[in-house]
Amino acid sequence: MALGDSARRSAQEERWGGLLAAAQAGDARAYDSLLREVTPRLRQIARARIRDAAEVEDAVQDALMTIHALRHTYDPTRPFGPWMSTIASRRAIDRLRRRGRGAGRESNIDDLPESAASVAPVAEERIAARNLRDAVAELPESQRTALRLAKLEDLSLTEASARSGLSVGALKVATHRAMRSLRRRFGVGEGDDRADR
């Protein structure tokens, strides 16, 4: 039975060599057939060296790309099988080496504590909030009051005026100046200031 498999494999590799020779002569259909037919064998060679399914598929793609890049170097008078197997084995080994080098420097994000992935956004929000509080604290008293009443507490101008003791006009000006000052400090464009008036 093994002798029959060996003869079948040899005939298949001879066919593939013929397809690649035809592809070298410009037969695109032969080249397409070759790539489709060799893919299962490339996968088999990669699986013999690599256990991770995703890495196997990456090694197969690497081998296909290498065959494509080196197709002009294939000598049709020589056996196709060893040429292809050498390429596939080397691409699988390259994958393992790359993975081994990266393993010492990389951590899978799924292996990190759950809080580690969420710490950065929370920390950034806290820093931004603290920066905004500090910037508001540095505003003149009338602007802080106007900003707090008109924007943060969302009071109407009449209500904010009654609570602050500022006229409606003074409240509008103070709110506008506070917003402009904060925009300038945080590098936000002026845009349309009508909403602040």
Side-chain angles (χ1 to χ4, degrees), residues 32 35-36 39 42-43 46-47 49-70 87-88 90-197:
D32 183 58
L35 295 180
R36 290 179 193 281
T39 299
L42 297 175
R43 192 171 287 118
R47 276 194 199 123
R49 295 187 178 273
I50 303 171
R51 298 290 167 238
D52 180 76
E55 289 289 327
V56 166
E57 290 308 310
D58 287 344
V60 169
Q61 292 305 310
D62 291 348
L64 286 169
M65 289 172 37
T66 303
I67 288 170
H68 178 73
L70 299 178
I87 290 172
R90 287 184 179 166
R91 292 305 73 91
I93 291 167
D94 288 348
R95 271 274 146 205
L96 289 171
R97 284 183 183 147
R98 226 175 286 139
R99 189 174 187 190
R101 280 193 303 263
R105 295 181 302 228
E106 299 172 357
S107 296
N108 186 343
I109 196 157
D110 295 332
D111 296 339
L112 296 174
E114 186 176 320
S115 61
S118 60
V119 167
V122 171
E124 288 174 12
E125 288 174 16
R126 286 184 181 158
I127 291 169
R130 186 176 63 226
N131 289 342
L132 181 58
R133 276 193 305 273
D134 293 347
V136 169
E138 293 173 13
L139 292 172
E141 177 64 32
S142 63
Q143 290 180 18
R144 280 198 315 268
T145 301
L147 191 63
R148 181 175 49 80
L149 296 174
K151 296 295 183 182
L152 300 177
E153 293 184 24
D154 202 23
L155 297 176
S156 70
L157 289 173
T158 307
E159 292 171 317
S161 175
R163 282 186 53 187
S164 67
L166 297 169
S167 70
V168 170
L171 195 62
K172 284 181 170 182
V173 169
T175 303
H176 172 72
R177 287 181 179 164
M179 293 299 290
R180 189 175 61 201
S181 177
L182 292 174
R183 284 186 180 124
R184 201 175 308 126
R185 178 162 178 168
F186 292 106
V188 178
E190 288 293 315
D192 184 1
D193 289 332
R194 283 177 293 183
D196 300 334
R197 293 185 181 145

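Just the heavy atoms: all of them, side chains too, but no hydrogens, waters or symmetry mates, feed the values below.
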inquiry  = Counting only heavy atoms from other residues, nucleotides and ligands, does the tally under 6.0 Å from CZ of Arg49 exceed 12?
reply    = no
ask   = Would a 4.5 Å heavy-atom cut-off, applied to side chains only, mark Met65 and Arg91 as touching?
value = no
request  = Show your working on side-chain contact (heavy atoms from CB on, under 4.5 Å) between Asp62 and Asp94 and close with a plain yes or no.
outcome  = CA-CA 9 Å; Asp62 291 348; Asp94 288 348; 5.9 Å; no
remark   = When rounded to the nearest 0.5 Å, the distance separating CD of Glu159 from OG of Ser164 is 11.5 Å
inquiry  = Between Asp32 and Arg36 (salt bridge meaning N to carboxylate O under 4.0 Å), is one present in this structure?
reply    = yes
query = Looking at CD1 of Ile93 and CZ of Arg98, how far apart are the two atoms once the value is rounded to the nearest 0.5 Å?
reply = 12.0 Å
request  = To the nearest 0.5 angstrom, please state how far the CG atom of Leu171 sits from the OG1 atom of Thr145.
outcome  = 9.0 Å
ask   = Are any non-hydrogen side-chain atoms of Leu166 and Ser161 less than 4.5 angstrom apart?
value = no
message = With rounding to the nearest 0.5 angstrom, report the CG to CG distance, Asp52 to Asp58.
response = 8.5 Å
message = Restricting to non-hydrogen atoms, name the atom on Ala88 and the atom on Ala63 that form the minimum distance, rounded to 0.1 Å.
response = CA-CB, 4.0 Å
inquiry  = I want to check something: taking the side chain as every heavy atom from C-beta on, are Arg177 and Arg180 in contact at a cut-off of under 4.5 Å?
reply    = yes
ask   = Do Leu149 and Thr175 come close enough that some side-chain heavy atom pair is under 4.5 Å?
value = no
message = Does Glu138 form a side-chain contact (heavy atoms from CB on, under 4.5 Å) with Arg185? I'd like the steps, not just the answer.
response = CA-CA 11 Å; Glu138 293 173 13; Arg185 178 162 178 168; 2.6 Å; yes
inquiry  = On a heavy-atom basis, which atom in Ala92 and which in Ala46 lie closest, and how many Å separate them?
reply    = CB-CA, 4.3 Å
remark   = Distance col, row Ile50:CD1 vs Arg95:CZ, nearest 0.5 angstrom, shows 7.5 Å
ask   = Can you list the steps and then say if Ile87 with Leu42 is a side-chain contact (heavy atoms from CB on, under 4.5 Å)?
value = CA-CA 9 Å; Ile87 290 172; Leu42 297 175; over 6 Å; no
query = How long is the gap from CZ on Arg43 to CG on Leu64, to the nearest 0.5 Å?
reply = 8.5 Å
